[in-house]
Colleague: 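First the structure, which I've put down as structure tokens, then a few questions once you've had a look.
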There are 2 protein chains.
Amino acid sequence: MSERTKIKDIARVAGVSTATVSRALSDSALVTDATREKVRAAANRLNYRLNVRARNLRIQKSMAVLLVVRNMSNPFYLEIFKGVEAVARAAGYVLLMGNTEDDPAREAEYFDMLRDGQADGMILMTGTLPEGHAVLDPASGAPPIVVALEAVDDCGLAHVQIDNCAAAKQAVRHLASLGHRKIAHICGPLPEILSRLRRDGYRKAMAKAGLEIPRNYEPAGDYSIQSGRACCAALFDADNPPTALFAANDEMAFGAIGELRRRGLRVPEDVSVIGFDDLFVSESYSPPLTTISQPRVDIGRTAMTMLLDIIGARQSVPRTIEMQTELIVRQSTGKAPNKLEISAQ
Amino acid sequence: MSERTKIKDIARVAGVSTATVSRALSDSALVTDATREKVRAAANRLNYRLNVRARNLRIQKSMAVLLVVRNMSNPFYLEIFKGVEAVARAAGYVLLMGNTEDDPAREAEYFDMLRDGQADGMILMTGTLPEGHAVLDPASGAPPIVVALEAVDDCGLAHVQIDNCAAAKQAVRHLASLGHRKIAHICGPLPEILSRLRRDGYRKAMAKAGLEIPRNYEPAGDYSIQSGRACCAALFDADNPPTALFAANDEMAFGAIGELRRRGLRVPEDVSVIGFDDLFVSESYSPPLTTISQPRVDIGRTAMTMLLDIIGARQSVPRTIEMQTELIVRQSTGKAPNKLEISAQ
DNA sequence: ACTGGATTTGTAATCGATTGCAAAATTACA
DNA sequence: TGTAATTTTGCAATCGATTACAAATCCAGT
């Protein structure tokens, strides 16, 4: 590769100073149209390309945003990535991926990157914050961070989320409206706020419908297919098996359906199952999964848009934006089995 | 946030020059242990953090690699991301995401970023190259690019891939060994090399098994669930429906299974279906999908490792590494339906 | 004590842009 | 035409590190 042309070369060729070149190329109003053209022509002739590194050093920005997740291979994130990416690139930002694997040390590293200016902002989807990190010092103003998906309590940061509690209620109401009375909930890990919110929604909806929650009706998994299978097995090994399952995410619902099938139970004839998230495969699962859909692309877009606001203003009120969820009724839920039939057996 | 301390501040406090500070902090052998300690102490006291932007400008590196895909929300990429990320971070590189959406202009942009030094290397998974881009000029030596997943012909670049043709053969052999003779193949888009390789494997295996391929037995989809459904419908609307389907990826297999079910055909009793990729849901699909598994995490790791080699050596022989695939037999494939039974109907 | 060679340190240039301030050029107006 | 006001331009500092080269220091051997 031939030597890269720099602003200095253009200056020489165009017969102006480097300052003028810089101004001309950045459309500053401080140059005549004539010189601007002259400089542009020279730049083209020399095949000039801006050195982004140099500029970023000078203007003290990195034009990059960090997207931090706890597990990069969780398919749920995919469309969020897409939404974030679209807005980011439109604004001239590149996307840096961060993957914490739930390791606090790694999480802290990404906060360091933010503090060190390797990124101008961060979209955090891990549900936790590194304790006492300098970036979070309130004295230094609102850090350019948007928390998405998983809420973090009392952190004074901007949030983009869904109303998990309300969505869970809606799921339970759907089952109740089909006549189900024995509805169990496969929770996510309860240390996570997200999981608790969904469970709370389940509890409230059950109370409102006047339904009891037996002690074993809230097994907790870890959002994996395997854990869904295990929780389902536990429920049906006990002596008061439910007729409907509300799983805290689609993967656990898949696991549960697999386990039900293994036991010779039909979905939805014998047991109804509803998930949460609406993964791309849920629609074509068999049976197609009834679930709660989150506007993922939109969540990503919104989060990135908020982040741009914060970066631009450096002084944003910590807002929380709530996105709408939607109940998608497919074929994994159906009428509650007729009590008489069951007792007749 | 208080003013950032720079190397100059440390120099002042430690009573040495900035050059010495730089050397001490980078473990250069050019400083005494005593001064090194002195400098370290001062740096700690002042809470010093290296300005990565400044260093990168000076050393002419960006310590970033670009990971370019054609569609960021394709779940297939997830584990590759993970593998790449693990190796990259271990080597101190950050990951920049690139998403082309099959737009040549966007693809060219990422190549520009590489040329402009915004990234030190690139892992390309799009199956195409922007024509005549400066980075690819052979005169400038081997560019730091590793092509993964999707081959690019005759480009002189390093590749990490699987033997698609052999894997496809293996899939077909599996079906043939179960007694199937009417085996159809749902192809991917044929402009893509990848799709053609898999189809070639299908053809070769069919020939070797002495089986005919009727004209309509190679419908082409676009790797989406919907297209799998459509191709399946076309096959079964015709007058010589197959007893086994080999789909070029799992998603199309899902679509096909959905369509078969809709038509009242059982999998695998009436029709066997085999996919390709082994997505994370395939194992728990119903029926669990027989498929070809690619070592995705490993592909990511290997690609990134190769890229580091190239970046380090600036002079690598363009190698092609072939990763091993594996036939995963689950429950979507079974013995061919008995001919007598069928004709007896 | 002195010389030569090996270590350690410092000075200042450099990476490639942006930008404050001053100087030059242009325009406006009397 | 002369002067003030306004626009354009250029000089040089700056962002914060790294590093070539020179200078200083140290040590060994005579």
Side-chain angles (χ1 to χ4, degrees), chain A residues 1-40 42-43 46-64 92 112-113 115-120, chain B residues 1-40 42-43 46-64 92 112-113 115-120:
Chain A
M1 213 176 302
S2 56
E3 270 312 291
R4 294 210 37 158
T5 51
K6 5 185 191 181
I7 220 174
K8 216 168 173 177
D9 302 320
I10 301 181
R12 188 162 20 75
V13 171
V16 295
S17 71
T18 60
T20 303
V21 174
S22 172
R23 293 188 188 111
L25 294 179
S26 62
D27 278 322
S28 159
L30 289 172
V31 286
T32 334
D33 289 349
T35 42
R36 193 198 320 285
E37 276 320 307
K38 193 168 54 176
V39 170
R40 286 259 177 78
L46 297 179
N47 241 306
Y48 172 75
R49 306 227 89 221
L50 175 68
N51 182 321
V52 181
R53 267 193 244 111
R55 140 185 277 172
N56 284 349
L57 170 60
R58 177 63 226 232
I59 67 177
Q60 306 266 50
K61 296 190 91 188
S62 60
M63 295 309 283
D112 285 345
M113 286 178 62
R115 160 163 75 153
D116 293 349
Q118 288 203 70
D120 296 333
Chain B
M1 210 175 303
S2 56
E3 270 311 291
R4 297 216 27 165
T5 48
K6 9 186 189 181
I7 221 173
K8 216 167 172 178
D9 303 320
I10 302 180
R12 189 163 17 76
V13 170
V16 296
S17 71
T18 60
T20 303
V21 174
S22 172
R23 293 188 188 112
L25 294 179
S26 61
D27 278 324
S28 157
L30 289 171
V31 286
T32 336
D33 290 347
T35 43
R36 193 198 319 286
E37 276 321 308
K38 195 168 53 176
V39 170
R40 287 258 177 78
L46 297 179
N47 241 308
Y48 172 74
R49 306 226 89 223
L50 175 67
N51 182 321
V52 181
R53 268 193 243 109
R55 143 185 276 172
N56 285 349
L57 169 61
R58 177 62 226 230
I59 67 176
Q60 307 266 50
K61 298 190 91 188
S62 59
M63 297 309 283
D112 285 344
M113 287 179 62
R115 161 164 74 154
D116 293 349
Q118 289 202 68
D120 297 333

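Below, chain A is the first sequence line, B the second, and so on; all start at residue 1. Values in this document were obtained by computation on a predicted structure and should not be read as measured data.
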Colleague: Does a side-chain N-to-carboxylate-O contact under 4.0 Å join A/K6 and A/D9?
Modeller: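 No, this pair does not count.
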Colleague: Check A/R40 with A/D27, please: is the shortest side-chain N to carboxylate O separation under 4.0 Å?
Modeller: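 Yes, charged N to carboxylate O under 4.0 Å.
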Colleague: Would you classify A/A34 as touching base, sugar-phosphate or nothing, given that sugar-phosphate means primed atoms plus P, OP1 and OP2, and contacts are heavy atoms under 4.0 Å?
Modeller: nothing
Colleague: Nearest 0.5 angstrom please: A/T18 OG1 to A/K8 NZ, how far?
Modeller: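 The NZ atom of A/K8 is 8.5 Å from OG1 of A/T18, to the nearest 0.5 Å.
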Colleague: Got a salt bridge between A/R4 and B/D116, using NZ or NE/NH1/NH2 to carboxylate O under 4.0 Å?
Modeller: yes
Colleague: Could you write nucleotides 16-23 of chain C as a row of B, S and -, 5' to 3', where a protein heavy atom under 4.0 Å of any base atom gives B, of only sugar-phosphate atoms gives S, and otherwise -?
Modeller: BBBBBB--
Colleague: Which is it for A/R115 and A/D112 under the side chain to side chain contact (heavy atoms under 4.5 Å, CB included) test, yes or no, and what are the steps along the way?
Modeller: CA-CA 5 Å; A/R115 160 163 75 153; A/D112 285 345; 3.9 Å; yes
Colleague: To the nearest angstrom, how far is A/R12 atom CZ from D/dG10 atom P?
Modeller: 15 Å
